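What follows is a short report on a single structure.
Owing to the predicted nature of the structure, the values given are computational and were not obtained by experimental measurement. In what follows, every chain begins at residue 1, and chains take the letters A, B, ... in the order their sequences are listed.
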Amino acid sequence: MNVADTQVTRIERSTIDRARKWARANLVNGTANTVLTLVSVTLAAYLIYTLTRFVFVGADWEVVDVNRRLIFLGRYPKEEQWRIWPPMWMVMGLGGLSYGMLSRGSLRDLAWLGAAVVFILAFLATTTNGLLFGGGVLVSIAAYGLGRLSIGRPLLRSKLRLVTIVGWFLVIPFAIILITGFGGVKPALWGGLLLNVLLAAIGIGVGLPLGILLALSRASSLPLLKGFATSIIEITRGGPLIAWLFIARFVLPAFIPDAFETDPIVNSMIVVSLFTGAYVAEIVRGGLQAVDRGQVEAADALGLGTFNVTVFIVLPQAIRAVIPALVSQMIALWKDTTLFAFLGFTDALSGGQAAYNQAAFKGSQIEVLVFVALLFWAVAFGMSRLSQRFERVLGIGVR
Amino acid sequence: MTDNAIQNSSSDTGHTGGASDAPTGSSGNLIISCKDVTVSFGDFQALKGISADVYEGEVVVIFGPSGSGKSTFIRTINRLEEHDGGTIIVDGIELNDDIGNLDQIRSEVGMVFQQFNLFPHLSVLRNITLAPQKVRKMGREESETLAMELLERVGIPEQADKFPSQLSGGQQQRVAIARALAMQPKIMLFDEPTSALDPEMIKEVLDVMGELARSGMTMMIVTHEMGFAREVADRFLFFDEGEVVEEGTPEHFFTNPQEDRTKLFLSQIL
Ligand SMILES: Nc1ncnc2c1ncn2[C@@H]1O[C@H](COP(=O)(O)OP(=O)(O)OP(=O)(O)O)[C@@H](O)[C@H]1O
Ligand SMILES: [Mg+2]
């Protein structure tokens, strides 16, 4: 009893001490730093105040409320909406599971999770979809719990790891089959945030493996393969994404025989994947160069052979070294999906623009843009957090 | 095997000049045979015609000044460097451009590096089981049993689930030895296995190597641990400027070195 009590006070005291020490070391050491701290605290307080005031007092959220469908789904037909939920639940479940498995077991997670749930529910609970979404959130939390449970249980963990990896591999094909298949919705009708998400998912899902293959080809000693990969990478990187999109949309169809003509959005997806692949290839090439020569020698000396050396020794280390850069690329792609508006597709941003251009909602740009910005930020932030986790867990062997 | 040293010391003549066609008293079969091997890096010739034979079960120690080509030579034997002249025959197979089964030869020749070169992203156990699984097509359980036996043998079974970065240098080098042994090689090559280690860790690695030598493994070791070398080696090769300057038993080198360069070098390191 006594021992426990003193331990508690000791921990409390040490926490406070540590906070005080941290503050002294980082915030108020020296005049310049103290001034900087004061200025930034004032600025932050002012920003938070005006933003909060705007959100709860100044803003009229009706425009977002009424046009929610437009922003989230664009012209996607209402009666086919059910097709979106299963993949979405799958993503939420996998996201929760991954996050839980990668967690360090700190309370901070729960705070984040709680905040996210409250925040999202606040936007969605009022509609019929609120229930479906809420269900997804519950799935996500349950999966997170399961992931946390697996920490320190190797058997469960190895099984869950398999489920997670296979799940992430299957989720994009699953979503596309369910949305387009069985008399589903043509890509031309995809819209809103759904369009952004699918474009980014396909860009990542195809671009990442493509980029790795391109990087390996460029590093290969076969001149033909090397030249081929190098030219694809350099040509693709030579133009801005928007230019390639225009070419795919308006120039290519003139040269492709009618029989091969595809949906314009499919063409654009191919372009996005290629574009992402080229950048990923250069990032991964940097990683390949960072792998110590001794690693390949040791693996060669074991007689592992080129394929095994590449797959089990070189690539894992190369990719690990460049995860931050890869994630930046993914986040850039996520935001670049708004460029599709220029091709005449209605994504979340252009859907929002359509909303505030309605006569009934003149002058409500700020509300709409803040909301759309928040949506983009939330996804980008989620990607960033998940990757930080991933990095930390992978970091075990390196250092 | 242990009496090789005694046999050798009785024929303690120590021929010079590098040509060593004659066996040095070992009774085993010829397993590595090098004749006039040259290796160049651009215009620079790192090996200028090395001839050396190693018999099954023999322990050969190579030493010499920095830059004399010791590493280059030992790396040429499993073709981490390619030679541009002379012949190398390992376990009956000549090393040249046409060999399709380079990886098979490499899997018969274990190698331990100065910098350990463990795979940092894999656990200790996985470092050891990877090659047996992928190359020898060994099952998971079998390879893990083998790995644990080997970790037992090098004295660190309790480290199996750790990652290389969590081990001391000496422990890492012992894992590297276990990793090489897991392929059940016929020959083990060591390139200065203890020179990246703190003094207090050198002994634990040398002990493992000594045990390996006594078990009858054919070994080629580049080292400057002369006390250890004298104990385990059947034969010394002294390298300088890409040539074998002098060759003979440990006793020959310690009591009666012939060449001036050998004498000078030994006086510096002993
Ligand atoms: N990849 C390479 N490219 C160019 N020169 C090299 C290369 N590897 C080795 N050399 C040169 O070949 C010579 C022999 O090098 P090697 O590493 O075999 O020497 P060593 O006897 O092992 O020396 P140390 O005791 O310092 O390890 C040196 O002059 C070195 O600079
Ligand atoms: Mg060397």
Side-chain angles (χ1 to χ4, degrees), chain A residues 102 104 150-159 161-162 165 212 221-222 284 287-324 326 387 389-399, chain B residues 71 74-75 77-81 100-124 126-137 140 161-167 172 175-176 178-185 187-191 196:
Chain A
L102 297 174
R104 194 173 6 198
S150 79
I151 295 172
R153 290 187 177 76
L155 204 68
L156 179 63
R157 197 172 173 79
S158 69
K159 275 182 195 149
R161 189 185 296 138
L162 191 70
I165 293 172
I212 292 171
S221 52
L222 305 172
V284 172
L288 290 175
Q289 285 166 350
V291 176
D292 182 22
R293 227 175 70 109
Q295 291 290 307
V296 179
E297 287 182 352
D300 277 346
L302 287 167
L304 273 172
T306 316
F307 177 80
N308 288 328
V309 174
T310 308
V311 172
F312 296 104
I313 306 300
V314 176
L315 268 187
Q317 294 186 57
I319 290 178
R320 194 166 300 214
V322 296
I323 286 178
L326 282 178
S387 85
R389 291 262 150 124
F390 196 50
E391 246 175 83
R392 214 197 50 239
V393 167
L394 287 181
I396 291 175
V398 195
R399 218 159 302 158
Chain B
S71 298
I74 210 166
R75 289 157 55 84
I77 288 169
N78 64 358
R79 214 165 167 77
L80 287 179
E81 306 292 354
N101 52 352
L102 177 60
D103 288 325
Q104 203 219 313
I105 291 177
R106 281 175 171 168
S107 65
E108 306 289 347
V109 182
M111 180 140 187
V112 175
F113 300 84
Q114 181 175 352
Q115 301 297 340
F116 327 139
N117 292 347
L118 292 179
F119 307 131
H121 61 300
L122 302 178
S123 71
V124 164
R126 191 80 185 117
N127 260 277
I128 301 173
T129 59
L130 183 70
Q133 282 178 19
K134 301 297 169 197
V135 183
R136 298 259 189 262
K137 306 293 172 210
R140 182 175 164 168
D161 294 323
K162 289 198 182 161
F163 282 85
S165 62
Q166 296 168 312
L167 304 185
Q172 289 190 49
V175 173
R179 176 177 71 176
L181 289 176
M183 292 297 286
Q184 289 152 334
I187 304 161
M188 286 284 283
L189 309 174
F190 294 81
D191 189 2

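- Across A/Q317 and B/P120, no two heavy atoms sit closer than the pair OE1-CG, 3.4 Å.
- Side-chain atoms of B/N117 come within 3.5 Å of backbone N or O of A/G294 as a donor-acceptor pair.
- Contacts of B/A131 with chain A are made by both backbone and side-chain atoms, with heavy-atom separations under 4.5 Å.
- Interface remark: of the candidates B/K162, B/E108, B/R179, B/M183, B/R179 forms the most heavy-atom pairs closer than 4.5 Å to chain A.
- Proximity to chain A (any heavy atom under 4.5 Å) is restricted, for B/F113, to the side chain, taken from C-beta onward.
- Annotation: the span from A/T306 atom OG1 to B/L102 atom CG amounts to 9.0 Å, rounded to 0.5 Å.
- A search for salt bridge (Lys or Arg N to Asp or Glu O under 4.0 Å) contacts involving B/R75 returns A/E297, B/E81, not counting sequence neighbours.
- We find the NE2-CD distance between B/H121 and A/Q295 to be 7.5 Å, quoted to the nearest 0.5 Å.
- For B/L118, the part lying near chain A is the backbone, with the side chain staying farther off; criterion is any non-hydrogen pair under 4.5 Å.
- Looking at A/D300, both its backbone and its side chain come within 4.5 Å of chain B, counting heavy atoms on both sides.
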Steps toward side-chain contact (heavy atoms from CB on, under 4.5 Å) verdict (B/L130, A/N308): CA-CA 9 Å; B/L130 183 70; A/N308 288 328; over 6 Å; no
The test is side-chain contact (heavy atoms from CB on, under 4.5 Å); show your working for B/V135 and A/L302 and say whether it passes. CA-CA 9 Å; B/V135 183; A/L302 287 167; over 6 Å; no
